[in-house]
J.: 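Once you've had a glance at the structure underneath, I'll fire off some questions.
Sequence positions, counted from 1, serve as the residue numbers for this chain.
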Amino acid sequence: MTAAASPAPLWRPDPGRIAAARVTRFQAWAAERYGAPAEGGYAALHRWSVEELDTFWRAVADWFDVRFSTPYSRVLGDRTMPGAEWFPGATLNYAEHALRTAEDPARAHEPAILYVDETHEQITLSWSELRRQVISLARELRALGVRPGDRVSGYLPNIPQAAVALLATAAVGGVWTSCAPDFGARSVLDRFQQVEPVVLITVDGYRYGGKEHDRTGTVAELRRELPTLRAVVHVPLLGTPAPEGALEWSALTAGSAPAGRAGAEDGGGAEDGGRGDGDVFEQVPFDHPLWVLYSSGTTGLPKAIVQSQGGILLEHFKQIGLHFDLGPEDRFFWYTSTGWMMWNFLVSGLLTGTTIVLYDGSPGYPAVDAQWGVAERTGTTVFGTSAAYVMACRKAEAHPGRDHDLSRVKCVATTGSPLPPDGFRWLHDDVAEDLWIASVSGGTDVCSCFAGAVPTLPVEIGELQAPCLGTDLQAWDPQGKPLIGEVGELVVTNPLPSMPVRFWNDPDGSRYRDSYFEMFPGVWRHGDWITLTDRGSVVIHGRSDSTLNRQGVRMGSADIYEAVERLPEIRESLVIGLEEPDGGYWMPLFVHLAPGAVLDDTLRARVKETIRERLSPRHVPDEIIEVPGIPHTLTGKRIEVPVKRLLQGTALDKAVNEGSVDNLQLLRFYEDLARTRH
């Protein structure tokens with residue numbers, strides 16, 4: 001992947017689309033009321049949004065009609081990072097905003113959630129029904145003693161019950177946290193034990209790849225190992241009865257919700273401590289915790305990342321409403337699980353009155369094009385997936401544009417890893433020529449994007465369209481000098497509302513500071529290599545914490561993967577750069593071959609020649625080694641740093657948190673290789 005300009009953009013929005021885009025209308029409105037530039041398009045708006053940070057975020061709050069139950073004294077108090085103070089004095093509730101569409105009688109019976117599983121039967125939850133279930137569960141959580149700040153945990157797949165549980169937890173001011181049921185007990189406990197939940201909402205199992213996977217034994221272990229639990233709620237996805245002492249989901253969500261404004265429902269009188277009708281949605285400070293997300297935790301306990309109700313509300317309004325251009329007429333589908341931040345982001349689609357599409361199951365069952373089938377059946381307009389899935393479809397020679405009616409899909413967005421240029425071309429050629437392709441990049445750390453989708457800008461092959469509004473994204477050299485057209489560290493020099501308010505169990509903030517602010521004090525350093533082009537677009541080169549640095553030249557692993565995995569014989573690859581005690585540098589490339597392929601001298605030569613031609617002679621590995629598979633985190637990202645540690649001789653139990661890996665046995669290969677080399 002390079003930052004060089006393609007001869008012409010792969011896609012360019014037509015004038016009608018630009019004029020109709022919400023970000024265009026926002027710019028005109030903000031120009032009248034807040035002094036934003038009326039001319040100059042997105043580039044001028046972005047420049048204003050980072051130079052006039054306070055004014056920009058006040059405009060976002062006004063544009064999306066954020067309901068502050070008590071007013072803020074200013075937009076940004078202390079703006080130092082970490083610790084920036086947003087909208088001090090303000091109170092609000094995230095769930096109240098997510099359910100506002102239910103207040104509109106014209107829309108109350110339209111779908112809020114469309115749910116599809118591997119049987120491809122569709123279940124619809126209307127706005128009024130979603131609101132009813134959320135209010136019913138919120139009342140029951142209060143009755144169980146859940147108070148603002150208490151943690152409610154979900155061991156749930158991507159099903160409507162998970163969305164209801166998140167919103168009900170937020171409604172009472174609780175703190176939501178979730179893991180997908182394909183996580184084993186140790187992985188879940190590494191996360192939940194840190195935050196000490198008082199309620200666990202769990203399924204009895206899940207379906208994946210055409211099979212049922214029982215989780216009753218795992219749930220029993222979670223109950224034993226989480227002593228802070230006051231209640232367990234049973235969701236019988238596989239139809240089993242509730243275990244002893246557990247509450248039935250159906251009983252907790254059976255209550256009625258009277259008509260009227262969602263924020264002015266029956267609050268419960270004496271049993272709710274004398275709350276009035278307006279207190280179904282607990283009004284909490286702007287920086288009150290909304291949820292806890294977790295880092296992958298490959299080299300230790302996962303970081304428990306706390307984000308705020310107000311910060312997520314504003315950031316997701318901006319990202320979903322302006323960058324993804326989503327509104328009431330749209331249907332938003334992202335293939336994800338509850339163990340990945342994209343699930344939380346998907347649920348926030350409700351903020352803009354958008355119907356969200358939840359899919360529970362394998363991305364490629366019964367065939368590799370299964371996700372495109374979901375998009376077709378649900379009338380998806382913005383379809384999000386992983387770059388890996390796009391490349392798998394390309395390798396399988398799928399033709400979704402030919403085999404499915406995707407006429408409503410206006411945007412395909414990808415994340416998880418950089419989308420290689422061949423992925424852009426495949427989407428353009430085999431999905432639709434008039435397709436907005438949005439490769440986006442951000443992180444669990446902010447539950448959002450630093451750069452990516454802009455509906456009014458062209459799409460260049462291999463590039464993210466632009467930095468996001470309010471995000472002062474820069475590429476820095478090691479001395480902190482900004483770079484244009486050169487590879488540098490991804491940094492953000494101004495605070496974002498959705499940056500963590502803290503890490504859980506990090507009382508002095510030292511782990512938080514060390515994670516993002518150690519290299520450049522006061523500036524967020526994310527750990528990615530990026531190039532900012534002179535056109536304003538962004539190229540992601542991979543993680544900088546697993547840096548390839550040969551002869552003083554820094555290289556991104558993602559660039560090598562893109563080149564190597566063009567070859568049909570290579571299913572997947574992993575490259576590691578190893579500083580050796582004698583001052584040498586060993587850079588092996590590990591390859592997992594496609595069925596029937598053989599790593600002989602001919603294939604080795606083709607791999608090296610491909611890298612040399614597409615990248616440079618410096619990128620050519622010292623050795624190409626066949627492996628039985630490439631290890632990943634539980635959210636599907638290649639594991640580079642632990643493999644590097646293993647090759648340096650670190651013991652397996654010290655190099656990696658075993659509960660964070662999809663297939664621990666694959667790592668034993670690298671451990672054995674290290675022994676033979678030392």
Side-chain angles (χ1 to χ4, degrees), residues 5-32 36-49 59-60 63-64 317-334 349 351-355 357 372 375-376 378-385 390 400-401 404-415 419 423-440 449 451-469 535-538:
S6 44
L10 184 67
W11 175 85
R12 192 185 292 278
D14 61 51
R17 190 162 186 167
I18 293 172
R22 289 172 175 83
V23 71
T24 303
R25 288 185 272 137
F26 170 78
Q27 183 166 1
W29 173 89
E32 286 182 10
E39 304 296 329
Y42 181 81
L45 180 65
H46 180 267
R47 190 163 51 252
W48 172 77
S49 77
V60 169
W63 173 259
F64 288 105
F317 263 135
K318 176 205 78 176
Q319 197 64 241
I320 291 164
L322 299 180
H323 284 283
F324 282 102
D325 202 28
L326 283 161
E329 71 281 6
D330 287 301
R331 295 189 171 186
F332 181 31
F333 167 42
W334 206 294
L351 294 171
T352 53
T354 303
T355 301
V357 177
W372 303 104
E376 175 183 15
T378 57
T380 290
T381 56
V382 172
F383 169 32
T385 187
V390 170
H404 299 278
D405 178 4
L406 301 176
S407 55
R408 292 204 67 207
V409 176
K410 65 181 181 183
C411 174
V412 172
T414 67
T415 193
L419 181 65
F424 282 80
R425 295 186 187 97
W426 179 83
L427 287 169
H428 178 267
D429 294 343
D430 283 285
V431 177
E433 289 188 2
D434 184 22
L435 181 66
W436 171 24
I437 301 167
S439 177
V440 305
C449 312
V454 183
T456 57
L457 292 181
V459 172
E460 301 277 357
I461 290 176
E463 300 179 3
L464 285 65
Q465 289 174 285
C468 295
L469 294 172
R535 298 181 305 282
S537 57
V538 181

J.: Roughly how far, to the nearest 0.5 Å, is CG of Leu322 from OG1 of Thr456?
T.: 10.5 Å
J.: Does any donor atom in the side chain of Glu460 or Trp11 lie under 3.5 Å from an acceptor atom in the other side chain?
T.: no
J.: If we only count heavy atoms from C-beta on, is the Ser439 to Thr415 side-chain gap below 4.5 Å?
T.: no
J.: With a 3.5 Å distance limit and no angle check, can you tell me whether Arg408 reaches the backbone of Gly379 through a side-chain donor-acceptor pair?
T.: yes
J.: Can you check whether Phe317 reaches Thr352 side chain to side chain, under 4.5 Å on heavy atoms?
T.: yes
J.: Donor-acceptor pair, Asp330 side chain versus Phe332 backbone, under 3.5 Å?
T.: no
J.: Where do Cys468 and Gly452 come nearest, in terms of heavy atoms and distance?
T.: SG-N, 4.1 Å
J.: Checking Phe333 against Val382 for the side-chain contact (heavy atoms from CB on, under 4.5 Å) test, could you report, in this order, the C-alpha distance in whole Å, the side-chain angles of both residues, the deciding distance, and whether it holds?
T.: CA-CA 6 Å; Phe333 167 42; Val382 172; over 6 Å; no
J.: Could you list the residues that satisfy side-chain hydrogen bond (donor to acceptor under 3.5 Å, both in side chains) with His428, not counting sequence neighbours?
T.: none
J.: Tell me every residue that passes side-chain hydrogen bond (donor to acceptor under 3.5 Å, both in side chains) with Glu329, counting only those two or more places apart in sequence or in another chain.
T.: Arg22
J.: Using the test side-chain hydrogen bond (donor to acceptor under 3.5 Å, both in side chains), find all partners of Thr385 that sit at least two apart in sequence or belong to another chain.
T.: Gln371
J.: Anything under 3.5 Å between a donor and an acceptor, one on a side chain of residues 12-19, the other on a protein residue two or more places apart or in another chain? List them.
T.:
{"residue": "Asp14", "atom": "OD1", "partner": "Gly16", "partner atom": "N", "Å": "3.0"}
{"residue": "Asp14", "atom": "OD1", "partner": "Arg17", "partner atom": "N", "Å": "2.7"}
{"residue": "Arg17", "atom": "NH2", "partner": "Lys410", "partner atom": "O", "Å": "3.0"}

J.: Report the residues that fulfil side-chain hydrogen bond (donor to acceptor under 3.5 Å, both in side chains) with Ser49, sequence neighbours left out, ordered by chain and then residue number.
T.: none
J.: Check the angle between the aromatic planes of Phe26 and Trp63 and answer parallel, tilted or perpendicular using the 30° and 60° thresholds.
T.: perpendicular
J.: Show the nearest heavy-atom pair for residues Ser537 and Glu463, with the distance to one decimal.
T.: OG-OE1, 2.6 Å
J.: Side-chain contact, heavy-atom cut-off 4.5 Å: Val409 with Val431?
T.: no
J.: Without swapping roles, check the side chain of Thr354 against the backbone of Gly327 for a donor-acceptor pair under 3.5 Å.
T.: yes
J.: Just by distance, do the side chain of Gln465 and the backbone of Val454 share a donor-acceptor pair under 3.5 Å?
T.: yes
J.: How many angstroms lie between atom CG of Leu427 and atom CD1 of Ile437, to the nearest 0.5 angstrom?
T.: 4.5 Å
J.: Look up atom CG in Leu469 and atom CG in Leu45, then write down how far apart they are to the nearest 0.5 Å.
T.: 5.0 Å
J.: Taking ring-ring contact (aromatic ring centres under 6.0 Å, His included) as the definition, give me every residue that meets it alongside Trp48, ordered by chain and number, with sequence neighbours left out.
T.: none
J.: Once rounded to the nearest 0.5 Å, what's the spacing between atom OH of Tyr42 and atom OG1 of Thr24?
T.: 11.5 Å
J.: Quick one: does any side-chain atom of His323 pair with a main-chain N or O of Lys318 as donor and acceptor, under 3.5 Å?
T.: no
J.: Any heavy-atom pair between the side chains of Pro400 and Leu406 that's under 4.5 Å?
T.: yes
J.: So which heavy atom on Ala44 is nearest to which on Pro37, and how close?
T.: O-CG, 3.4 Å
J.: If I compare all heavy atoms of Ala413 with all of Trp334, which pair ends up nearest, and what's the gap?
T.: CB-CH2, 3.5 Å
J.: To the nearest 0.5 Å, what is the distance between CG on Leu419 and CD1 on Ile461?
T.: 10.5 Å
J.: Is a side-chain N or O of Thr381 found less than 3.5 angstrom from the main chain of Arg331, in a donor-acceptor match?
T.: yes
J.: Is it true that a side-chain atom of Gln319 and a backbone atom of Phe324 form a donor plus acceptor pair closer than 3.5 Å?
T.: no
J.: Do Glu376 side-chain atoms and His404 backbone N/O form a donor-acceptor pair below 3.5 Å?
T.: no
J.: Where do Ala466 and Val538 come nearest, in terms of heavy atoms and distance?
T.: C-CG2, 4.2 Å
J.: Applying the side-chain contact (heavy atoms from CB on, under 4.5 Å) criterion to Leu435, which one of Asp429, Leu10, Val412 satisfies it?
T.: Val412
J.: For the rings on Phe383 and Trp372, is their centre-to-centre separation under 6.0 Å?
T.: yes
